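Along the sequence shown, residues are numbered consecutively beginning with 1. Both counts, for ligands and for their atoms, begin at 1 and track the order of listing. This one's a predicted model, so the numbers in the text were calculated from it and none came from an experiment.
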Amino acid sequence: MHLNLVELALRGGEHYERAFALEVEPILLGGASFQVSVPEGVCVAVDRVTGGYLVKVALTATVYGPCMRCLKDTRLEVVAEQEEFAPTAGGQWDPAELSEFITDLVVDVDSLAREAVVLALPFQPLCSEECKGLCPHCGADLNLGPCGCEGVEPDLRWEGLRGLLERREEAE
Ligand SMILES: [Zn+2]
Ligand SMILES: [Zn+2]
């Protein structure tokens with residue numbers, strides 16, 4: 001979806017607002033793929049201000065993917081919002097200061113909305129803040145109870161020494 005700001009024919013101080021249906025490509029995070037669903041679409045608001053346009057997107061996305069600790073399928077509600085400024089005289093601006101989602105006063109609504117979701121996602125999506133994760137020894141889901149490995153911490157220093165000894169035996 002592309003929205004041409006000029007075609008909105010807004011005069012100074014005027015406001016435009018509309019909801020658009022939206023499909024968001026899966027987002028990769030920590031090596032895992034997260035499906036994004038936006039059933040209510042994205043709300044785009046535009047304000048004609050001095051020197052340009054203020055463009056704001058707001059959406060509520062449902063994000064599906066693995067919990068980063070226990071890998072269980074997890075569903076997150078993400079409320080995302082992002083605002084960009086598009087100057088009418090964009091040619092006089094340093095390109096680095098211009099929104100990468102607005103080219104010649106045309107807004108790439110899908111990419112802007114996707115970016116808003118990416119920024120609103122937690123760094124580490126979890127099924128719950130209290131998730132205990134998987135046992136590093138046997139892989140059991142510790143949310144279901146203790147696995148019986150407790151106290152069997154392998155001592156990595158001895159692992160290294162054992163490796164050395166084995167190699168020496170092979171050499172002899
Ligand atoms: Zn979890
Ligand atoms: Zn275990």
_I'd like to check the side chain to side chain donor-acceptor pair (under 3.5 Å) partners of His15; sequence neighbours left out, ordered by chain and number._
Glu17, Asp47
*From the Zn ion (ligand 2) out to just under 2.8 Å, does an N/O/S atom of His137 turn up?*
no
*Given side chains that start at C-beta, do those of Tyr53 and Ile102 come closer than 4.5 Å, heavy atoms only?*
no
*SG (Cys147) to the Zn ion (ligand 2) to SG (Cys138): angle, nearest 10 degrees?*
110°
_Pairs satisfying ring-ring contact (aromatic ring centres under 6.0 Å, His included), at least one member in residues 79-100, at least two apart_ = Phe85-Trp93
*Compare all side-chain heavy atoms of Val46 with those of Leu3 and state whether any distance is below 4.5 angstrom.*
yes
*Can you give me the SG-the Zn ion (ligand 2)-SG angle for Cys135 and Cys149, to 10°?*
110°
_Can you give me the closest heavy-atom contact between Arg114 and Val24, atom names plus distance?_
CG-CG1, 3.9 Å
_Residue and atom names of protein N/O/S atoms that fall under 2.8 Å from the Zn ion (ligand 1)_ = Cys67 SG, Cys70 SG, Cys127 SG, Cys131 SG
For residues 54-73, which side-chain donor-acceptor pairs fall under 3.5 Å, sequence neighbours excluded?
| residue | atom | partner | partner atom | Å |
| --- | --- | --- | --- | --- |
| Thr62 | OG1 | Glu77 | OE2 | 3.1 |
| Arg69 | NH1 | Glu129 | O | 3.3 |
| Arg69 | NH1 | Cys131 | O | 2.9 |

_More than 12 heavy atoms of other groups within 6.0 Å of Glu14 CD_ = yes
